[in-house]
There are 2 protein chains.
Amino acid sequence: MSKNKRVTSYDVAREAGVSQSAVSRVFRPGVSVSEKTREKVLKTADRLGYRPNAIARMLINQSSGMIAVIVSSRANLNFPDVLSLLNKQIALHNKRVLLFTLDEAEQLDGVIEQILTYQVDGVVALTAHFEVESVKQFAQHNIPVVLYNREVPDHSVSSVCCNHDQGLKMLVDLLVRHHHRRYLIVAGPQDSDVATARLTGAQKALLQHGIDNVPVVRGDYSYESGQQALHSHLQNAMAPTAVICANDAMAIGVIDEAREKQQLRVPEDLSVVGFDGISASAWYSYRLTTVSQPTSYMTKAAVDTLVNLIENPHNPPESRYWPGTLIEGNSVATARSEDE
Amino acid sequence: MSKNKRVTSYDVAREAGVSQSAVSRVFRPGVSVSEKTREKVLKTADRLGYRPNAIARMLINQSSGMIAVIVSSRANLNFPDVLSLLNKQIALHNKRVLLFTLDEAEQLDGVIEQILTYQVDGVVALTAHFEVESVKQFAQHNIPVVLYNREVPDHSVSSVCCNHDQGLKMLVDLLVRHHHRRYLIVAGPQDSDVATARLTGAQKALLQHGIDNVPVVRGDYSYESGQQALHSHLQNAMAPTAVICANDAMAIGVIDEAREKQQLRVPEDLSVVGFDGISASAWYSYRLTTVSQPTSYMTKAAVDTLVNLIENPHNPPESRYWPGTLIEGNSVATARSEDE
DNA sequence: CATAATAATGACTTCGAATGCAATGTTAAA
DNA sequence: TTTAACATTGCATTCGAAGTCATTATTATG
């Protein structure tokens, strides 16, 4: 029973009557080995069930071939899609994803500590809680970092972002074309950079049309918080004619709250727009007007940027932006004149 | 600039005037070191920014501390929830998740090969494509495997499952109590074991009420395939009064198709039930009657089972079942008498 | 104060693959 | 046939932490 012992390159070498170096060379592409030895080694390796030990390889190569991916559990984005696409891209570069999830900001230090011990080749951060300080820790250890959908003002960290400003401008312009003047913004959580970017993006776009002092209610990106936001706003304010939401889930919450609890028709009485282009936004019951993020391009860009930095450590950080795509559903209608 | 060189235990030892062994011992809990050396080492370690190298540790410990998690991209289940919960449980045992995604069954061999080289401590498989043969490969290398929501008939592999039969019985019993006699089953893909389990579960439960030969349409677990299923069935068959769907996404697709395209009211004209209890099933527009899986218990059970097998390699495989919880929404109504 | 018992320490080896270097073997060219 | 050029090969070392073992320092006991 060879069951309890792993098969090493030495075992194969002994059985095949060659040196351990020879075995190693057979399993390393692009090294010169004679056809005879290669065959001998491959045959015995197969017979013994030998597989190169990735751990030992990591140690000698000074590179783990692993990418740390950090996700907040309370993620705004299309978590499953993004993660799975990222993983696919990373696999294309023959690297693996080591996954870290984050509940609270306070855990962050522990997670960074962990990541550093694992000698990962790079880090992709899909999380709002990520101060520049934290990134510096990775920089000190020469570990490149790419932020996904989050940018640092001084561009000292590479990032791949959807252009929130441009996306919100498209949405706002559309609403203004439909003669809306009374708005409500349902923003994301205070500590999320994406939320801030989308909020200021909306405000800037509205201001361009002379619309100012728009009320803001904060949610936490969840469906329930969208419902709650509309509900609490209507308690002590006039109903808006259009609601701009920081993401699709909250927008859907707003639509359901409006229809079921407030007896408002969407879009006839209330127009609602979201952001992200999650699959549920296209469902017949909602047909949400939203801006979809080009997730597959963005994940590819993120991984390409990261791999580039891994291979050229002295390259400067790079920020790449992607425009969103306006998806016109059926959640926006022309404001009724009596509301003007 | 210590930037280009990693700090090793030797560096710390030299600086602190102790041996490398001493440094190692300070970072390994439960080993005897004098307070004096500990302090000296910790101080210089901190100054130099030393962190134990997890890779070297893995090699000498003969254990990577990593768990491979395999997910199908086309997953039926609550992918984000399950993955994030799994990760949390695994982190509690001080291990990490190495992520592998699977597109097609053909990739499987390559992925298994990969996993074996990484010397993972165990495997959690969240995927339909996973033949017993594949599991045997892990068994040969003494790597324990736990299947999530998939069981092997002979119980030779550990698994954690939601009890599909029982869940479907609850749903069918509910529908029968509402006097439904004409059914449609929207099943999952042919090659998914969960799909098969749910289909036969539904058929068994219906048979107990003497209902036989229920038409079956297959979908791929997506919203669109739910729409498509209802649409194509109504082309050449009498409308059913109740539709039993293999998962919530398809059930929601059926509801939207019925309401928007077929001018059927749900639940008045058509009752629909799903399975999984995804968050969208509770949204006001749907209020789907479904069976929710106890995801947090199941993920905990999966990890506990796996860790137990890692620590006691000679334990027999263990299968654990969890009952689902019936969630009564508003998608089931009493069958109208003219339909009887 | 001597001796036993225990704690702390360092030298050295281990894990498994990769590689620089030197020593072969092979083929080509003169 | 001789020499040069090149392809294979194995030896020995490396990566960084952990643990064995023997040795030394410290404390406890008679």
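It should be emphasised that the depicted structure is a prediction, and the values quoted were computed from it without experimental measurement. Convention: sequence-line order gives letters A, B, ...; per-chain numbering from 1.
- Formation of a donor-acceptor pair under 3.5 Å by the S24(A) side chain with backbone atoms of Q20(A) is not found in this model.
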Strictly under 3.5 Å: I want the nitrogen or oxygen pairs between protein and nucleotides 18-21 of chain C, one per line.
residue: dA18(C); atom: OP1; partner: R28(A); partner atom: NE; Å: 3.2
residue: dA18(C); atom: OP1; partner: R57(A); partner atom: NE; Å: 2.3
residue: dA18(C); atom: OP1; partner: R57(A); partner atom: NH2; Å: 3.3
residue: dA18(C); atom: OP2; partner: S24(A); partner atom: OG; Å: 2.9
residue: dA18(C); atom: N7; partner: Q20(A); partner atom: NE2; Å: 3.2
residue: dA18(C); atom: N6; partner: Q20(A); partner atom: OE1; Å: 3.0
residue: dT19(C); atom: O4; partner: S21(A); partner atom: OG; Å: 3.2

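- Looking at Y50(A), its side chain never comes within 3.5 Å of a backbone N or O of V41(A) through a donor-acceptor pair.
- In this structure, D121(B) contributes its side chain and G65(B) its backbone to a donor-acceptor pair below 3.5 Å.
- For Y118(A) and dA17(D), the OH to C1' distance is 14 Å, given to the nearest whole Å.
- Atom CG in L59(A) sits about 12 Å away from atom P in dA18(D), given to the nearest Å.
- Residue R38(B) is classed as having no contact, given no heavy-atom separation below 4.0 Å to the nucleic acid.
- Between R14(B) atom CZ and dG10(C) atom P there is a gap of 14 Å when expressed in whole angstrom units.
- For N53(A) and dG16(D), the CG to C1' distance is 15 Å, given to the nearest whole Å.
- Protein atom CG of L48(A) is 15 Å distant from nucleotide atom C1' of dG16(C), rounded to whole Å.
- In this model, a donor atom of one side chain and an acceptor atom of the other lie less than 3.5 Å apart for N312(B) and N308(B).
- S158(B) contributes a side-chain N or O that, together with a main-chain N or O of E318(B), makes up a donor-acceptor pair within less than 3.5 Å.
- The phosphate of dG16(C) has neither OP1 nor OP2 within less than 4.0 Å of any side-chain N or O from T8(A).
- Looking at which nucleotide of DNA chain C each of V18(B) and Q62(B) is closest to, the 5′-most match is held by V18(B).
- Rounded to an integer number of Å, the gap from K36(A) NZ to dT26(C) C1' is 11 Å.
- Between S9(B) and dA18(D) there is no side-chain polar atom (N or O) within less than 4.0 angstrom of OP1 or OP2.
- At whole-Å resolution of the value, CD in E35(A) and C1' in dT9(D) are 16 Å apart.
- In this structure, the side chain of R6(B) engages the main chain of Q62(A) through a donor-acceptor pair within 3.5 Å.
- Side-chain atoms of S64(A) come within 3.5 Å of backbone N or O of Q119(A) as a donor-acceptor pair.
- Here the P atom of nucleotide dA8(C) and the NZ atom of K40(B) are 14 Å apart, to the nearest Å.
- Between T37(A) and dT9(D) there is a side-chain N or O to OP1 or OP2 distance below 4.0 Å.
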